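This structure is a prediction, so every number in the text was calculated from the model and none was measured. Every number for a ligand or one of its atoms is a count from 1 in the order of the listing.
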Amino acid sequence: MPSITLKVNGSEVSRDVAPQTLLSEFIREHLRLTGTHVGCDTSQCGACTVHLNGRAVKSCAMLATQAAGQSVTTIEGVAAADGTLHPMQEAFNACHGLQCGFCTPGMVMSAIDLVQHHDCSTEAKIREGLEGNMCRCTGYQNIVKAVVQAAPATKAMA
Ligand code: FES
Ligand code: FES
């Protein structure tokens, strides 16, 4: 069984993993970071989105071994060390950008990447940028509001 070493939320971790282990499975089951959700396992819903070297990826669409030597951030790693929420988390809270919360970790991770690395200058661009993330509660209106609200502070953190 291969052994992999990578950074997760700023800390180095090493584990033995079966070669077929998905990154999402590694994060949830080996590291017990269950904020990363799995809604489909077929790369459609975006609930499993994490950052790989600062860019959003669907963790069910890659193998854990492919993340070896790289840096992964999960939803557990976006708040400050003292527990202060990330501006995107604050905005989702303030704008009621969630209902059941299942899609929320993936939405937040995608929204941070969207704001920091893509054009989010209009609501249409935000909707387009988040099209890989599905909300089964259909709370898109308030999700878009949250992204608009958090954009300046989130961009400043890039
Ligand atoms: Fe990865 Fe749905 S669980 S995209
Ligand atoms: Fe329920 Fe999005 S808040 S799936």
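- Cluster annotation: Phe102 is not connected to Val50 through the hydrophobic network of ILVMFWY side chains, with a link wherever side-chain heavy atoms come within less than 4.5 Å.
- Scored by the ring pair (Phe, Tyr, Trp, His ring centres under 6.0 Å) test, Phe92 finds no partners at all (sequence neighbours excluded).
- For Arg127, the side-chain hydrogen bond (donor to acceptor under 3.5 Å, both in side chains) test picks out Gln141, with sequence neighbours left out.
- Ordered by chain and number, Cys40 SG, Cys45 SG make up the set of protein N, O or S atoms under 2.8 Å of atom 2 (Fe) of ligand 1.
- Counting only distance, with no hydrogens or angles, the side chain of Asp41 and the backbone of Cys60 share no donor-acceptor pair below 3.5 Å.
- For Gln149 against Cys95, the heavy-atom pair with the smallest separation is OE1-SG, 3.4 Å.
- Checked by atom type and distance alone, the side chain of Asn133 pairs as donor or acceptor with a backbone atom of Gly46 at under 3.5 Å.
- Judged by distance alone, with hydrogens and angles left aside, the side-chain atoms of Thr84 form no donor-acceptor pair with the main-chain N or O of Ala80 at under 3.5 Å.
- Put simply, the side chain of Thr5 never gets that close to the backbone of Ser14: no donor and acceptor are under 3.5 Å apart.
- Residues Met157 and Leu114 do not share a hydrophobic cluster, defined by chaining ILVMFWY side chains whose heavy atoms lie under 4.5 Å apart.
- Protein atoms of type N/O/S that fall under 2.8 Å from atom 1 (Fe) of ligand 2 number 2 in this view.
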